[in-house]
Asks: 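Got a structure for you, questions after.
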Protein chains: 2
Amino acid sequence: MTIKQDQIIKTALELFAKEGFHATSTGKIARMANVSEGLIFRHFVNKEGLLEAILNQGQQTIQAIFENIAKIEDPKKIIEAIIELPFMIHPDEHNYWRLLYTLKWQQKKYDRVGVDFLMTVATDAFEKLGYENPTAEAEVLEMILDGAATVILLKGNRYESEVIIKAIKEKYSKQ
Amino acid sequence: MTIKQDQIIKTALELFAKEGFHATSTGKIARMANVSEGLIFRHFVNKEGLLEAILNQGQQTIQAIFENIAKIEDPKKIIEAIIELPFMIHPDEHNYWRLLYTLKWQQKKYDRVGVDFLMTVATDAFEKLGYENPTAEAEVLEMILDGAATVILLKGNRYESEVIIKAIKEKYSKQ
DNA sequence: TACATTTGTAAGTGATTACTCACTTTTATG
DNA sequence: CATAAAAGTGAGTAATCACTTACAAATGTA
C-alpha cells in the first residue's frame with residue numbers, strides 16, 4: 001500500500017460517504033487526493049473496485065469488535081454490550097459506517113456478514129435469559145441498533161448518549 | 001395532471017427509489033415511461049424539480065396519517081399507534097418511503113417535517129404516562145421506528161409482524 | 001370554425017463521465 | 001550499477017449526461 005494509494009482510498013471514502021457513490025466522479029477523487037485520475041484505475045481497475053477496496057479495509061475492524069462481544073459469557077452483559085455498540089462508533093469511523101448505511105439501499109448488495117452473526121449471538125443470549133421469543137427479540141434489538149446508528153451518523157453523537165443508553169437498557173432489565 | 005405526467009412521476013419514483021436519484025438518468029425515465037425526454041423538462045423544469053414533485057405528492061398522505069394519531073386522547077394508545085406505523089405501510093407506498101430513506105443520507109436535505117411533529121406528540125404522551133425522561137423515550141422510540149421501517153422496506157414485511165409489534169409494545173407496558 | 005394555449009416530440013447541444021494508453025519516474029533486486 | 005517491475009502521469013476516448021430548441025399535435029375556448 002503506497003502513500004498515494006492510501007490517499008485515494010481515504011478521499012474516496014469521504015466523498016462516497018458524504019455525497020454518494022454515483023454522485024462522486026473519479027476525476028473529483030483524483031483532484032482532491034492530489035493524484036492523476038489514471039492512477040485510480042491502475043490500482044483499483046475501476047470505480048467499483050475502489051469501492052470494494054474501501055469496504056474490505058473496514059470489514060476487518062468490524063469483525064474484530066463483533067467477535068469480542070461473542071466471547072462474553074454472561075448473556076445479560078452481551079445484550080448490554082450490543083446495545084452500546086452504535087454509541088461507541090469512533091468519529092474516525094463515521095464515514096465508513098455512513099457509506100455502509102447508504103449502500104444498504106442500493107440495488108446491488110454489499111453484504112455485511114458481521115451483523116447476521118451478531119444477531120445469532122443476541123438470539124442465543126435472549127434464549128439463555130428466558131425470553132419468550134428470542135428471535136423476535138433479536139430482531140427488535142437489530143431495529144433499535146439500526147435506528148440508533150442512523151440517528152448518531154446523521155445528527156452526530158453530541159446529545160447525552162448515557163440517557164439514551166439507559167432508556168434502552170431499561171427495556172431489557174425487566175425480565 | 002395529464003396521463004403522461006403521471007407516468008413520468010410513477011416511473012421516476014420507482015427508479016429513484018430502487019436505483020437512486022443520481023444513478024437514474026432522465027433518458028431512462030423517459031424510455032420506461034414511454035415519453036419523450038423533453039417532456040420531463042417541459043413539466044418539471046429539471047431533474048431536481050421532478051424529484052420535488054414526487055416528494056410533494058407523497059407528503060400529503062403522510063401528513064394526514066400523522067394528524068390522525070395526534071387526535072387520539074389516551075396517551076397509551078398514541079404510543080401503540082406510533083409503534084404500529086411502520087408495519088402498516090402499504091406496499092404501494094414502499095417506493096416512496098424507500099426514496100425518503102435514501103435521501104436522508106444525501107448531503108442536500110429534503111426535510112420530512114412530519115416526523116418531528118410526530119415526536120413531539122410522542123414526548124407529550126410519554127410525559128402524561130409518567131416516564132422519567134420523556135424526551136429520551138421519544139428519541140428511543142424514533143430509533144425503533146426508524147429501524148423497523150428500514151427492515152420492512154429492505155427485507156419486506158413477510159415475517160410475522162404481530163410477534164415483533166408485541167415484543168415492542170411490551171417494552172412500553174411495564175410502567 | 002378560428003385561433004391561442006397546452007402538450008408532446010425528435011434531434012440536437014456542450015459538458016461530464018468512466019476509463020485507456022503511451023509514456024515517464026520511482027523503486028526493488030541481483 | 002544495471003535492469004526489470006511497479007508506480008505515476010496527462011492527454012486522450014467514446015459514451016452518456018442533463019438540458020434546449022424548433023416544430024407538430026392535441027386541446028380549450030370564443
Asks: Does A:H43 have a side-chain nitrogen or oxygen under 4.0 Å from the phosphate oxygens OP1 or OP2 of D:dA6?
Replies: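 Checking A:H43 against D:dA6: no side-chain N or O falls below 4.0 Å of OP1 or OP2.
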Asks: Whole angstroms only, please: what is the CG-P distance between B:L39 and D:dA25?
Replies: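 After rounding, the gap between these two atoms is 16 Å.
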Asks: Less than 4.5 Å apart, side chain to side chain, heavy atoms only: is that true for A:I65 and A:L85?
Replies: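 A:I65 reaches A:L85 side chain to side chain.
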Asks: Expressed as a whole number of angstroms, how long is the span from A:Q5:CD to D:dA7:C1'?
Replies: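 Taking CD of A:Q5 and C1' of D:dA7, I get 9 Å after rounding.
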Asks: Return the value, rounded to whole Å, for the distance between atom CG of B:N34 and atom P of C:dG8.
Replies: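 The answer, rounded to whole Å, is 13 Å.
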Asks: Holding to side-chain contact (heavy atoms from CB on, under 4.5 Å), I want the full list of residues that pass it with B:Q5, two or more places apart in sequence or in another chain.
Replies: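 In terms of side-chain contact (heavy atoms from CB on, under 4.5 Å), with neighbours along the sequence ignored, B:Q5 is linked to B:M1, B:T2, B:H43, B:F44.
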Asks: Can you give one letter per nucleotide of nucleotides 15-29 of chain C, going 5' to 3': B for a protein heavy atom under 4.0 Å from the base, S for sugar-phosphate only, - for none?
Replies: --SBBB---------
Asks: Distance check needed: D:dA7 P versus A:I40 CD1, whole Å only.
Replies: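 To the nearest whole Å, that distance equals 16 Å.
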Asks: Specify the separation, in whole Å, of atom CG of A:D6 and atom P of D:dA7.
Replies: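 Taking atom P of D:dA7 as the reference, CG of A:D6 is at 14 Å.
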Asks: Starting from P on D:dC17, measure out to CG on B:L15 and report it in whole angstrom.
Replies: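 Distance check: B:L15 CG to D:dC17 P gives 12 Å.
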Asks: What do you reckon, is NZ of A:K166 surrounded by more than 12 foreign heavy atoms closer than 6.0 Å?
Replies: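 Incorrect, the count does not exceed 12.
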Asks: Report the distance from atom NZ of A:K4 to atom CG of A:D6, rounding to the nearest 0.5 Å.
Replies: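 Between atom NZ of A:K4 and atom CG of A:D6 there are 13.0 Å.
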Asks: Specify the separation, in whole Å, of atom CD1 of B:I9 and atom P of C:dT7.
Replies: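 It is 13 Å, rounded to the nearest whole Å.
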Asks: Could you state the atom-to-atom distance from NZ of A:K4 to C1' of D:dT9 in whole Å?
Replies: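 Those two atoms, NZ and C1', are 9 Å apart.
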Asks: I need the A:I79 CD1 to A:F126 CZ distance, nearest 0.5 Å.
Replies: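 Taking CD1 in A:I79 and CZ in A:F126, the distance rounds to 3.5 Å.
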Asks: Using 0.5 Å steps for rounding, measure from the CG atom of B:L145 to the CD1 atom of B:I83.
Replies: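 Atom-to-atom, B:L145:CG and B:I83:CD1 are 7.5 Å apart.
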